[in-house]
Amino acid sequence: MSRTVIRGGLVITAAEEVRADVLIEGEQVVALATTGSAVADGWTADTVIDATGHYVIPGGVDAHTHMQMPFGGTTAADTFETGTRAAAWGGTTTIVDFAIQSVGSSLREGLDAWHAKAEGNCAVDYGFHMILSDVTENSLKEMDALVGEGVTSFKMFMAYPGVFYSDDGRILRAMQRGAANGGLIMMHAENGIAIDVLVEQALAAGRTDPRYHGEVRRELLEAEATHRAIKLAQVAGAPLYVVHVSAASAVAELATARRQGLPVFGETCPQYLFLSTDNLAEPDFEGAKYVCSTPLRPREHQAELWKGLRTGDLQVVSTDHCPFCFSGQKELGRGDFSKIPNGLPGVENRMDLLHQAVLDGHITRRRWIDIACATPARMFGLHPRKGTIAPGADADIVVYDPTAPQTISATTHHMNVDYSAYEGKQVTGRARTVLSRGSVVVDAGAWLGRAGHGRYQPRATCQYLG
């Protein structure tokens, strides 16, 4: 069994910062010891990685990605191979993607289809949530079986009528089942029925540009749906995880519920923290690059999102990585914003953008690791294998250079998409060396990983529910 020592770095986890050496045997961390101590100096290894002047952090856990996802007549541009490789370049070593149940089909058929896409192709480890599109007696029973197999979270949509949408009755039934079997319901909280009316009215009035995507998907309709989801979960006695929270008023709904002691959790994404409706309004159809749902909000919402991350009313930052090329994909919506495929690329940028947020004073270093690594791992039953550096954990470790300048650009990123949502943004900090289960997959600007190294991860139930 190979032994690796990472020497001389500042080890940062959600719990502590300590100058320590890390001993890895095979795929796992076996020990940490104070740098320069007799214990650490006594370690011998096949490989020694010098982390002097660097952070040593857990690999990121991105709990919300959509590789190879069909949407709006096209398919997300990143495959499981290209998407997980890009994740690794950015310091993320585990993704949890979404398998999709089609209406009229079983959960099992959807899950099997996504396993077939991912197996043998992933560069880093991966798991699956299940999108529950068709609530029937059979699919409710299937939820029990999937939880037993390690697919312990189920996403539902209050948006996209005719595609993924579930009405309140179906949502309540699924939440009741989750309360019984330990599955966590994840909710896309937007009032899709009302949004469709506003879309129809905007198009009829000739308002077809990308910026109207943001205007019809009103903040109030995110807040209303968030409130309704919370109340349905309360009736069901179930926990709730609200995905991609973008609006200040939706954060307020989550904060109120949490003050009442309800098991309600919220996720936001880098696009809502760093981008705004100013991007959606970019001329010459450039705004199409920024069409996602929930939509980008006016810049003043960012302060409330950062506050929610500091106070714990928002617990996780995921990417909702769902890339569509501007050329040939986003362009499907020229003349009709409702036909622009919804989604942004970001799996490669999340860790660096959040490190920049540390430098900008929004969050602490430990909170960076908490929202990007530890909490998503706990939320989705991957901890303590993932999300921390401790004996027994998988050796998913990033040697991170906190002083390296970089300019984010489509010309240098590794995502399979022809633009960057953060084109030209200058940030400080980047992954220098990335290990996935003890194997170095990125080092000093070189790709050393391979498709098929990534392993499927069955998950326990949410670890915040006792």
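When reading the values below, keep in mind they use all heavy atoms of this one structure, side chains included, and skip hydrogens, waters and symmetry mates.
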For Glu119, does the CD atom have more than 12 heavy-atom neighbours from other residues, nucleotides or ligands under 6.0 Å away?
no

Does CD belonging to Glu200 count more than 12 external heavy atoms closer than 6.0 Å?
no

Any chance the rings of Phe71 and Tyr160 have centres within less than 6.0 Å?
yes

Establish, yes or no, whether a centroid distance under 6.0 Å links the rings of Tyr456 and Tyr126.
yes

Hey, does the side chain of [X] reach the backbone of [Y] with a donor-acceptor pair shorter than 3.5 angstrom?
| X | Y | result |
| --- | --- | --- |
| Gln406 | Gly429 | yes |
| Asp352 | Val427 | no |
| Glu304 | His301 | no |
| Glu348 | His414 | yes |

Cation-pi, Phe80 ring and Lys117 (6.0 angstrom, 45 degrees)
no

Which of Phe128, Phe380, Phe98 passes ring-ring contact (aromatic ring centres under 6.0 Å, His included) with His64? It is Phe98

Go through Thr294 and Glu190 one step at a time and tell me if the side chain to side chain donor-acceptor pair (under 3.5 Å) criterion holds.
CA-CA 7 Å; Thr294 50; Glu190 287 186 290; 5.7 Å; no

Charged N to carboxylate O below 4.0 Å: is that the case for Arg455 and Glu27?
yes

How about Thr375 and Asp370: does a side-chain donor come under 3.5 Å of a side-chain acceptor?
yes

Value rounded to 0.5 Å, distance of CG in Leu240 from CE in Met156:
11.0 Å

Listed once per pair and sorted, the salt bridge (Lys or Arg N to Asp or Glu O under 4.0 Å) pairs that draw on residues 57-82, sequence neighbours left out
Glu81-Arg85

Please state whether the rings of Phe326 and Phe285 are parallel, tilted or perpendicular, taking 30° and 60° as the class boundaries.
tilted

